[in-house]
Amino acid sequence: MRITKPKERWFDVPDDEDNARVLVRQIPPGERHDIMDKAFKQSIEYKTGEEGKMVPVMNQTTDRKLDREQTVLKSVVDWENFYDIDETKLSFNPENVIKAMREIEGFVEFINECREKLDGDIADEEKEL
């Protein structure tokens with residue numbers, strides 16, 4: 001078995017007047033597990049049930065914001081032609097990715113679509129080998 005570099009592809013933002021595009025990479029399994037470990041917390045408590053027997057009770061909490069932010073931050077590798085409200089070019093950095101997530105309608109959904117397309121393309125390519 002070999003460790004390989006995650007695959008990445010450029011995706012054009014559809015119908016964008018600035019011809020913006022993003023470079024999206026496949027998230028390696030270990031990074032995906034790290035995100036899940038942080039965003040999804042599970043615990044088991046034992047409570048006394050019927051007939052005095054101890055019964056396990058599963059508790060799970062999900063930090064959806066953390067999952068969403070970390071997934072996009074790990075997926076988006078670069079971008080071109082993104083601009084701030086005052087028309088200044090947005091440099092690519094984690095703070096501006098978070099800003100785009102919060103202020104550009106549909107950005108997160110677009111990145112999720114790109115990730116799905118990339119995963120599908122990679123699966124198709126591997127079938128051809």
Side-chain angles (χ1 to χ4, degrees):
M1 297 191 112
R2 295 176 186 250
I3 296 174
T4 59
K5 181 180 178 190
K7 294 185 170 130
E8 51 190 43
R9 302 258 171 23
W10 282 100
F11 291 88
D12 294 333
V13 177
D15 304 318
D16 185 67
E17 63 188 39
D18 297 312
N19 297 316
R21 63 189 200 144
V22 294
L23 182 59
V24 175
R25 79 174 181 131
Q26 189 177 38
I27 301 176
E31 289 182 24
R32 187 69 206 138
H33 292 158
D34 290 345
I35 293 169
M36 291 176 67
D37 288 345
K38 291 176 187 173
F40 301 96
K41 301 291 182 189
Q42 291 183 350
S43 64
I44 300 175
E45 292 180 39
Y46 289 90
K47 296 191 176 194
T48 305
E50 293 180 23
E51 301 175 15
K53 294 183 179 181
M54 298 301 285
V55 178
V57 177
M58 295 290 293
N59 296 308
Q60 180 174 334
T61 58
T62 303
D63 188 336
R64 292 178 49 198
K65 177 183 173 207
L66 179 64
D67 179 41
R68 183 174 51 253
E69 286 181 353
Q70 289 301 304
T71 298
V72 172
L73 286 169
K74 296 287 186 183
S75 298
V76 179
V77 179
D78 199 2
W79 65 29
E80 293 178 351
N81 301 325
F82 275 72
Y83 294 90
D84 209 336
I85 195 165
D86 64 359
E87 306 281 328
T88 60
K89 201 165 206 170
L90 275 177
S91 58
F92 178 79
N93 59 50
E95 294 80 19
N96 283 340
V97 172
I98 297 292
K99 185 175 191 171
M101 290 176 64
R102 294 179 188 276
E103 298 184 26
I104 299 174
E105 185 71 37
F107 180 76
V108 173
E109 293 80 5
F110 170 66
I111 298 304
N112 287 336
E113 290 171 13
C114 294
R115 291 178 50 241
E116 289 176 20
K117 174 79 169 119
L118 178 59
D119 287 344
D121 290 348
I122 291 168
D124 290 345
E125 290 167 10
E126 289 174 353
K127 284 180 190 174
E128 293 176 9
L129 295 177

Point to revise | Met54-Met58 co-clustered via ILVMFWY side chain contacts under 4.5 Å | key: yes
Check your understanding: Is Val77 reachable from Val24 through a run of hydrophobic residues whose side-chain heavy atoms are each under 4.5 Å from the next?
Key -> no
Under a 4.5 Å cut-off applied to non-hydrogen side-chain atoms, are [X] and [Y] in contact?
{"X": "Ile111", "Y": "Val76", "value": "yes"}
{"X": "His33", "Y": "Lys38", "value": "no"}
{"X": "Trp79", "Y": "Val13", "value": "no"}
{"X": "Glu45", "Y": "Lys47", "value": "yes"}
{"X": "Arg25", "Y": "Lys7", "value": "no"}
{"X": "Val97", "Y": "Phe92", "value": "yes"}
{"X": "Ile27", "Y": "Thr71", "value": "yes"}
{"X": "Thr48", "Y": "Lys53", "value": "no"}

Atom pair [atom1]/[atom2] of [X] and [Y] - distance to nearest 0.5 Å:
{"X": "Asp16", "Y": "Phe110", "atom1": "CG", "atom2": "CZ", "value": "9.0 Å"}
{"X": "Asn59", "Y": "Ile44", "atom1": "CG", "atom2": "CD1", "value": "9.5 Å"}
{"X": "Thr62", "Y": "Met36", "atom1": "OG1", "atom2": "CE", "value": "9.5 Å"}
{"X": "Phe11", "Y": "Arg21", "atom1": "CZ", "atom2": "CZ", "value": "11.5 Å"}
{"X": "Leu118", "Y": "Trp10", "atom1": "CG", "atom2": "CH2", "value": "13.5 Å"}
{"X": "Gln26", "Y": "Ser75", "atom1": "CD", "atom2": "OG", "value": "10.0 Å"}

Salt-bridge contact [X]-[Y] (side-chain N to carboxylate O under 4.0 Å):
{"X": "Glu69", "Y": "Arg64", "value": "no"}
{"X": "Asp84", "Y": "Lys99", "value": "yes"}
{"X": "Arg68", "Y": "Glu109", "value": "no"}
{"X": "Arg115", "Y": "Asp119", "value": "no"}
{"X": "Asp67", "Y": "Arg32", "value": "yes"}

Tell me whether the count of non-hydrogen atoms from other residues, nucleotides or ligands lying under 6.0 Å of [atom1] in [X] goes above 12.
{"X": "Asp15", "atom1": "CG", "value": "no"}
{"X": "Glu17", "atom1": "CD", "value": "no"}
{"X": "Glu105", "atom1": "CD", "value": "no"}

Review point. Would Ile35 and Leu66 count as a side chain to side chain contact (heavy atoms under 4.5 Å, CB included) if you check the C-alpha gap in whole Å, the side-chain angles of each, and the deciding distance to 0.1 Å?
Key: CA-CA 8 Å; Ile35 293 169; Leu66 179 64; over 6 Å; no
Check your understanding: Would you say Asp18's side chain and Asn81's backbone share a donor-acceptor pair under 3.5 angstrom?
Key -> no
Practice item. Output yes when a side-chain donor or acceptor of Asp12 lies under 3.5 Å from a complementary backbone atom of Pro14, and no otherwise. Key: no
Review point. Can you check salt bridge (charged side-chain N to carboxylate O under 4.0 Å, His left out) on Glu80 and Lys89, steps first, answer last?
Key: CA-CA 9 Å; Glu80 293 178 351; Lys89 201 165 206 170; over 6 Å; no
**Study point:** Closest contact, heavy atoms only, Cys114 versus Val22
**Key:** SG-CG2, 4.5 Å
Revision key, fill the gap. Minimal heavy-atom distance between Glu8 and Leu23, with the atoms involved, is OE2-CD2, 3.6 Å
